[in-house]
Each structure stands twice: as C-alpha cells, then as structure tokens.
Amino acid sequence: MTVETKAGHLPGDIRSAMADFLGAFEHFKQANDERLQALEQKKGDDVVLNDKIERLNKSLDEQKSAIDRVMLEKARPAFGASVHQPNDEQKAAFQGYVRRGDVTAISSFEQKALNATNDSEGGYFAPETVERIINDAVVAVSPFRQIATVREIGANGFKKPVNLTGAGAGWVSETGARVETSTPTLTAIDFPTMELYAMPAASQALLDDAVIDIEQWLADEVQTEFAVQETTAFTSGNGTTQPKGILTETFAANDTRGASEIGTIATGVDGAFPASNAADVLLDLIYASDQSYRANGRFVMNRSAVAEVRKLKDSDGNYIWHPSHEAGSASTLLGYPVTEVEDMPGISTGSNSILFGDFRRGYLIVDRQGIRVLRDPYSAKPYVLFYTTKRVGGGVQDFDAIKALQFSAS
C-alpha cells in the first residue's frame with residue numbers, strides 16, 4: 001500500500017510516522033468494516049474483533065499524539081528568537097532579582113521605564129523575552145488559543161459592545177431619498193481577567209550557577225502549567241475565579257434557545273449515537289449554524305469522542321472521519337477540521353460532548369499585558385519559590401457561532 005503524506009519537506013522520522021499513522025487507519029477501517037458486516041448479518045458483536053478495533057483506535061491516538069508532540073517541539077520558538085531583546089540594564093536587573101533577591105536595580109529600572117510595580121503589589125514584571133516565550137509556548141500547547149480570538153489589554157477587564165438588533169441597512173439609487181435607519185440596541189458583555197499562577201521552585205545552587213539561563217528556566221517551568229490550566233478554564237471555568245468556560249454557559253434546544261444560550265441538537269438516543277444513519281445527526285449539527293459560521297467551522301471534542309466518530313460512515317458507506325495527510329494539520333470530520341480538547345466530556349447520557357462552530361467568532365480570550373514574578377525564599381526553605389502570575393479572561397462572545405451535539409433522546 002502506497003501512502004501519500006504530502007510532507008516531503010519534513011524529516012524522515014516524521015514522514016515515517018505519518019505513513020504508519022495512515023497505514024494504521026487503513027487497518028482500523030478493515031476491522032470496523034468486518035464488525036459492521038457482522039452486525040448487518042445479525043451475527044452479533046464479536047468480542048475479539050471489538051477488542052482489535054479498540055486497540056487500533058488507541059494506537060491511532062498514540063501515534064497522532066506522538067506526531068503532534070514532535071511538531072510542537074519543532075514549532076516552539078527558540079528563546080530570544082525574533083523577539084525584542086531587553087537591554088543589558090533590564091536583563092541584569094531581572095537576573096539580580098531572581099538570583100539574589102536584589103530589588104534595587106529592578107525597581108530603579110521599572111520606575112525609569114514608567115512601568116513601576118513593587119513587591120507589595122505582587123512582584124516585578126518579567127522582561128519581554130520571558131513573557132513572549134511563555135505566551136508563544138502556551139499558544140502552541142493550548143487548543144483554544146489556536147482557534148479562538150485573543151485580545152491583549154492593559155486593564156483588568158474588557159467590555160465588548162454587542163448589537164442585539166442589528167444595524168439598519170438598505171438599498172438606494174444614486175439620487176433616491178435615504179430613509180432613516182433604525183437605531184441599534186446595544187448591550188455589553190464583560191470579560192474580567194482572573195489571576196493564573198504557577199510556582200516553580202529552585203535551589204540556591206541552581207540560582208548561583210552562572211551557566212544556567214535563568215530566564216529560559218523560568219519560562220520552561222511555567223509555560224506548560226499555564227497552558228493546562230487555561231484549557232480547563234476555557235472549557236469549564238466557573239466565571240468567578242476563572243474565565244467562563246463554554247460548557248458553563250446555558251444550553252437549550254437550538255429551535256427554542258435564548259439569545260445568550262448555546263443551541264443543542266439531540267442525537268435521539270441517551271448517551272449514544274443512533275444505531276442507524278449516525279452521521280446524519282452530525283450533519284444536523286453542522287447545518288444548525290448559519291452559513292457565515294459554517295465557512296470557518298470546526299468540531300471540538302475529546303479523544304474518546306474522536307474514537308467513536310472514527311467508526312461512523314455516511315449513507316454511501318464512506319467513512320466520515322479522515323486522518324490528516326500532513327503532519328501538524330488537523331484531521332477532518334465531514335470535511336471540517338477537528339480540534340481535540342481533552343477537557344471536553346466523554347459521551348454519556350445528556351452530555352454536550354461535541355461542539356461545532358466558528359470559535360474565532362464565538363469565543364474571546366483576553367490577556368492583560370505583563371507577567372509578574374514574586375521571589376519567595378522563605379516559604380519552602382532551602383528552596384526559593386517564584387510565584388509567577390498572569391491575568392487571563394475569557395467567555396463566549398457570540399452565542400450564534402457555537403452549537404453542541406447533546407447525547408440525549410430529546
């Protein structure tokens with residue numbers, strides 16, 4: 001079997017991994033075809049065959065995860081690459097604070113830069129290089145930051161005006177009278193920022209080691225933890241101490257939902273896809289959105305839900321899930337890309353396990369500029385803790401843009 005990867009520019013190990021991944025999917029389809037044929041012939045479930053399918057499904061997940069990890073490492077920016085470099089004064093001031101707790105130089109520098117903060121307010125701003133490498137790495141790891149709108153702000157919150165009625169408009173000839181349009185009804189959605197923190201620890205020996213790039217060490221220690229916490233919050237955050245997650249919003253049947261509710265399409269079966277024509281409910285989900293949202297639509301679900309949709313076929317007997325043929329790009333479902341978010345719920349009774357929509361229009365992430373670092377040599381002696389914080393907010397900004405597949409009878 002010849003497999004086209006469309007990734008000739010990639011190293012041999014990635015090309016080989018992609019070929020293995022696509023080959024594994026062919027084996028998966030063959031086994032699933034046997035299962036479906038047995039069901040059609042009313043031979044019942046074959047336990048051995050089902051086990052084989054699950055093992056192949058797990059292998060596909062593991063291979064895709066391995067490819068994604070390699071691509072992530074290749075995409076991660078090198079420290080200081082294409083980033084504004086701090087001047088020697090700023091770098092020396094920050095290193096003096098981190099390594100020795102010397103606040104004199106960094107306080108003096110921030111006052112001159114009109115960017116002053118002090119210990120009592122929560123620490124000192126990290127240099128732009130540290131902030132940028134943390135933010136770039138978080139974007140690479142966080143699935144929501146890759147698909148949502150991200151806005152940087154300088155305050156503790158962002159207020160977005162929303163037009164509830166739409167602005168009046170119409171057609172007119174060159175010399176025709178212009179009829180006064182209706183006045184739009186405006187409201188505002190608040191996106192407050194919440195404090196996200198990580199607290200890496202270092203020994204004094206590490207801090208005294210001049211060979212260690214202390215800025216790189218700090219960035220490496222906090223970036224993954226920030227990404228993990230953010231993904232959970234953007235999915236199911238409570239909206240009080242965390243950004244408001246999509247699943248925290250109110251859900252209602254799409255035909256009767258309110259303006260600030262996310263519309264749902266029921267599968268017709270509690271906790272499962274329907275036994276026949278399962279792909280039809282996914283098509284219903286897609287077409288529950290207006291055309292303007294479908295143009296940039298995508299599916300969001302966790303790995304276990306992906307494992308289930310891999311088994312589905314359309315009415316012509318074609319698989320509706322297709323693996324990516326290029327490393328680093330998304331697999332597709334009914335022609336739309338799939339983003340895996342492990343914090344999404346697995347398929348169960350009444351769960352909203354699969355989302356579809358234009359998430360760039362639907363969900364807004366706001367970042368307050370600046371990452372602060374507070375040095376704490378006392379709480380965990382002999383280690384030095386670095387209480388590192390950033391302020392992040394988020395929430396649904398357009399409820400028309402996102403729909404959910406609800407695994408319920410109605």
Side-chain angles (χ1 to χ4, degrees), residues 17-18 20-33 35-36 50-72 141-144 146-148 228 231-232 234-236 245-247 264-265 267 269 271-275 277-286 297-314 318-349 351-357 359 402-407:
M18 282 298 301
D20 291 343
F21 174 65
L22 297 173
F25 183 58
E26 292 300 320
H27 291 305
F28 169 83
K29 289 196 294 185
Q30 293 170 10
N32 195 52
D33 286 344
R35 179 185 70 87
L36 295 173
N50 283 344
D51 181 64
K52 178 181 179 181
I53 290 171
E54 293 309 312
R55 284 188 285 107
L56 286 169
N57 229 335
K58 184 178 180 181
S59 176
L60 281 167
D61 289 335
E62 291 172 348
Q63 291 178 357
K64 183 64 164 60
S65 295
I67 292 169
D68 289 344
R69 282 195 300 270
V70 174
M71 295 303 297
L72 179 60
V141 175
S142 169
F144 271 113
Q146 295 170 20
I147 64 176
V228 170
T231 301
T232 300
F234 299 150
T235 306
S236 56
I246 292 178
L247 297 180
T264 62
I265 300 296
T267 61
V269 180
F273 283 101
N277 300 322
D280 287 353
V281 297
L282 290 168
L283 287 171
D284 291 340
L285 177 65
I286 292 171
R298 66 173 54 243
F299 288 94
V300 169
M301 65 190 82
N302 73 6
R303 186 176 300 178
S304 66
V306 171
E308 290 301 313
V309 300
R310 281 197 191 114
K311 303 173 185 177
L312 304 181
K313 293 184 176 184
D314 62 19
N318 301 310
Y319 281 90
I320 62 175
W321 183 89
H322 294 281
S324 165
H325 284 242
E326 185 173 356
S329 61
S331 301
T332 59
L333 177 61
L334 291 168
Y336 290 93
V338 177
T339 297
E340 291 187 25
V341 177
E342 284 310 304
D343 290 282
M344 286 288 293
I347 295 174
S348 62
T349 300
S351 64
N352 297 309
S353 300
I354 297 178
L355 303 177
F356 177 83
F359 290 85
I402 301 172
K403 307 296 179 185
L405 187 65
Q406 189 171 87
F407 287 81

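Positions are given from 1, in the same order as the sequence printed here.
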Taking the side chain as every heavy atom from C-beta outward, state whether [X] and [Y] have any atom pair closer than 4.5 Å.
X	Y	value
E308	N57	no
M344	I246	no
D343	S236	no

Subject >> Test log, rule side-chain contact (heavy atoms from CB on, under 4.5 Å), inputs V338 and V309 >> reply: CA-CA 11 Å; V338 177; V309 300; over 6 Å; no

Rounded to the nearest 0.5 Å, what's the gap from [atom1] on [X] to [atom2] on [Y]? Could you check?
X	Y	atom1	atom2	result
M301	I354	CE	CD1	4.5 Å
I320	R310	CD1	CZ	12.5 Å
L334	D314	CG	CG	8.0 Å
H27	L60	NE2	CG	10.5 Å
K29	L56	NZ	CG	13.0 Å

Subject >> Stepwise side-chain contact (heavy atoms from CB on, under 4.5 Å) test for V341 and F234 >> reply: CA-CA 10 Å; V341 177; F234 299 150; over 6 Å; no

Checking [X] now: which residues fulfil salt bridge (charged side-chain N to carboxylate O under 4.0 Å, His left out) with it, not counting sequence neighbours?
X	value
D33	K313
D284	none
R303	E340, E342
K58	none

For [X], what residues pass the side chain to side chain donor-acceptor pair (under 3.5 Å) criterion, not counting sequence neighbours?
X	answer
N302	S304
T339	R298
K311	E54
T267	none

**OP:** Kindly determine whether L312 and L282 satisfy side-chain contact (heavy atoms from CB on, under 4.5 Å), including the steps that lead there.
**Re:** CA-CA 10 Å; L312 304 181; L282 290 168; 4.1 Å; yes

Subject >> Donor-acceptor under 3.5 Å (S59 side chain, R55 main chain) >> reply: no

Subject >> Any donor-acceptor N/O pair, S353 side chain to P345 backbone, under 3.5 Å >> reply: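 Yes; at least one donor-acceptor contact below 3.5 Å.
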
**OP:** Sequence neighbours left out, what passes side-chain contact (heavy atoms from CB on, under 4.5 Å) with N277? Give chain and number order.
**Re:** D280

Original post:
What residues, two or more places apart in sequence or in another chain, satisfy side-chain contact (heavy atoms from CB on, under 4.5 Å) together with P323?
Top reply: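 Only F21, L22, F25, W321 meet the side-chain contact (heavy atoms from CB on, under 4.5 Å) criterion with P323.
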
Original post:
Nearest heavy-atom pair of P337 and A330: which atoms, and what distance?
Top reply: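 Reported closest heavy-atom pair: CB-CB, 4.0 Å.
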
**OP:** Indicate the atoms forming the closest heavy-atom contact of S324 with S331, along with that distance.
**Re:** N-OG, 3.5 Å

Subject >> ring pair (Phe, Tyr, Trp, His ring centres under 6.0 Å) against F273, all qualifying residues, sequence neighbours excluded >> reply: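 Checked F273 against ring pair (Phe, Tyr, Trp, His ring centres under 6.0 Å); matches are F407.
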
**OP:** Check ring pair (Phe, Tyr, Trp, His ring centres under 6.0 Å) between F356 and all other residues, then give those that pass, not counting sequence neighbours.
**Re:** F299, Y336

**OP:** For side-chain contact (heavy atoms from CB on, under 4.5 Å), just list the numbers for I265 and K403, CA-CA rounded to whole Å, side-chain angles, deciding distance to a tenth of an Å, and then say yes or no.
**Re:** CA-CA 8 Å; I265 300 296; K403 307 296 179 185; 5.5 Å; no

